[in-house]
Amino acid sequence: MSALTAGSVVAVVGSGAMGAGIAQVAAAAGYRVKLYDTRPEAVTKALADIGKMYLKLAEKGRMTAEQASAATARLQAAGALAEVADAALVVEAIVENLDVKRALFAELEAVVGDACILATNTSSISVTAIAAKLRLPQRLVGMHFFNPVPLMALVEVISGLATDAGVAATVHATAAAWGKNPVHAKSTPGFIVNRVARPFYAEALRLLTEQAGDAATLDAVLREAGGFRMGPFELMDLIGHDVNFSVTQSVFHAYFNDPRFTPSVLQQEMVNAGFLGRKSGRGFYQYGEGAAAPQPRTEAPQPRPDFVSYSLEAGSGDGGVSGLLARRLTAAGFHIANRDSGAGEHNDPAPAFHCNGAAIYLSDGRSATERARANGHPDTVLFDLALDYATATRIALSCADQCSPAAWHAAVGLFQGAGFAVSRLDDVPGLAVMRTVAMLANEAADAVNQGVCTAAAVDVAMQKGVNYPRGPLAWADAVGVAHIATVLHNLADSYGEDRYRVAPLLRRKLATKGRFHA
Ligand code: NAI
């Protein structure tokens, strides 16, 4: 299916932050854009802002001066809805209210031709519900942009139950012609990104609630080991806790209180207190004049240990992840003795590393304390997942309650010797990055299983919509689906909560030793 031809008329209704961004992108791509808003001053402001943006882009060399003035000339104000009668596509970006959106589309149907496609930029309302009262519901589709529109590449193209497949395909191709990265999705609560991203916030809030570490430390671990551009607490402070909490609540209620989406009591208290984040001057961090940025907790330097051994067989049990760490240790000059004892003392896989008495394992979703008891090795230390062990600058470690200070210090010295800053987390199951990635992959797998989108689409969506360093399913492939499933099983066991149930598609991939991507 091809895109609407350049030069076609695109009407944008609602000229706020999103509408202005959509108009800017469409006109820059060669489409004639008519902007409408019930507040004419919003249109005037949007047109002025877009004109300035084009000039800025021209100054930066991202478009020529001729392109900037041609794009500006393609934009015009519509003084009344009747003036968008010649539109081939209308994109609605008005207030987030079902009744108001339905009323607008009903009015639009009386104005535009039958071939005109109607698109809504809703982020939380059912596309099926918005279309339900239309004469031609098959022509309505979701076109969900991300803020700021000119910078964020993702567009979720959302099909409601009545949406015509050809309409969705045309909108997909048109978004691509606007330079965007579109993905198809089914109209379900949160669509792709706002659903699959929930665990990024929720697991962090749970870790903080359980006193695994403070916000600055957990943020630093997710950034510096996990490779996320922002940590969850600084990101929630930026989004605003009122907004973030309300999205979580809306997804939770829309899935009929599925425990997987249970909101956080701690975040509710942040909202109750008015600690909304940057916009109120205080969230998990302070933002006033001269407020000091809290530093992550980092372990004091420990001596470089003189002995470390590695079990290849044990390492292969964690999807090869600890092999990557072994490479970093070798590169840092550690001589690593090989051990061939695959089995642990009590049927638990042997630790990947032994270091001056410490038994060091990749987190498998159990606490270190539980694992120490299971394998009969009190000096148990766990390390967290990293996006890339070769380049990560920080790593989270935890140790069993039974672990001796000497063994703990040996493990800390080992990681420090390889150039990691070490953050100690309390002994919570799954540590921070491992737990977050396992839950993101689980949610992504469930979305795919329910036909919301393809495996390729969910990974693109999370990278282009919220800047994740890797798609959750590609990440599960890299860590090994078996290890991700083990982490989830153990989390479910540790907490006894349905929240951590393993998604059926993950189980299925596990049974066939499959991967999500070829
Ligand atoms: P906004 O409040 O900045 O702009 C909305 C504009 O719509 C206002 O200028 C208002 O005067 C106008 N408006 C309200 N009712 C109207 C009507 N019946 N007819 C014509 N114009 C009307 O809101 P924003 O942030 O631009 O959001 C718009 C839509 O985009 C909402 O549905 C929102 O959920 C969705 N969205 C917002 C995102 C964001 O990050 N702000 C991200 C993705 C989607």
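The first residue of the sequence shown is numbered 1, and numbering continues consecutively from there. Since we're looking at a predicted model, the values are computed, not measured. Scope of the values below: all heavy atoms of this structure, side chains included, with no hydrogens, waters or symmetry mates. Atoms within each ligand, like the ligands themselves, are counted from 1 in listed order.
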Can you confirm whether some protein heavy atom lies under 4.0 Å from atom 27 (O) of ligand 1, or whether none does? yes
With heavy atoms of His144 as the reference, note each atom of ligand 1 found under 4.0 Å away. 43 (C), 44 (C)
Centroid separation Trp475 to Tyr468 less than 6.0 Å: no
Starting from atom 31 (C) of ligand 1, what is the nearest protein heavy atom, named by residue and atom, and what distance separates them? Ile94 O, 3.0 Å
Check Asp459 with Arg470, please: is the shortest side-chain N to carboxylate O separation under 4.0 Å? no
Please state which option from Thr38, Val13, Val243, Val95 has its nearest heavy atom closest to atom 22 (C) of ligand 1. Thr38
Stacked cation flag Arg223 on Phe228, 6.0 angstrom / 45 deg: no
Number the atoms of ligand 1 from 1 as they appear, then name those within less than 4.0 Å of a heavy atom of Phe145, with their elements. 42 (C), 43 (C)
Heavy-atom nearest neighbour in the protein, as seen from atom 39 (C) of ligand 1, with distance rounded to 0.1 Å: Met18 SD, 3.7 Å
Can you tell me the protein heavy atom closest to atom 5 (C) of ligand 1 and the distance? Ala93 O, 3.7 Å
Would you check the N or O atoms of Arg39, main chain and side chain alike, for any that come under 3.5 Å of an N or O of ligand 1? yes
For atom 34 (O) of ligand 1, what's the nearest protein heavy atom and its distance? Glu96 OE1, 2.8 Å
Would you say the ring centers of His253 and Phe261 fall short of 6.0 Å from each other? no
Can you tell me if Glu92 uses its side chain to pair, donor with acceptor, with the backbone of Ile94 under 3.5 Å? yes
For Asp37 and Ser15 the tightest heavy-atom approach is OD2-N, 2.7 Å
For atom 3 (O) of ligand 1, tell me which residue out of Ala17, Ala46, Ser124, Gly465 has the closest non-hydrogen atom. Ala17
List the closest protein heavy-atom neighbour of atom 4 (O) of ligand 1: residue, atom name, distance to the nearest 0.1 Å. Gly16 CA, 3.3 Å
I want to know if ligand 1 touches Lys101 in the polar sense, i.e. an N/O pair below 3.5 angstrom. yes
Tell me which protein heavy atom sits closest to atom 8 (C) of ligand 1, plus the residue, atom name and distance to 0.1 Å. Asp37 OD2, 3.4 Å
Face-on cation placement of Arg206 at Tyr495 ring, 6.0 Å and 45° thresholds: yes
Distance check, rounded to the nearest 0.5 Å: Ser126 atom OG versus Leu98 atom CG? 8.0 Å
Got the closest protein heavy atom to atom 30 (O) of ligand 1, with its distance? Asn121 ND2, 3.0 Å
What heavy-atom pair brings Val90 and Cys116 nearest, and what distance separates the two atoms? CG2-SG, 3.8 Å
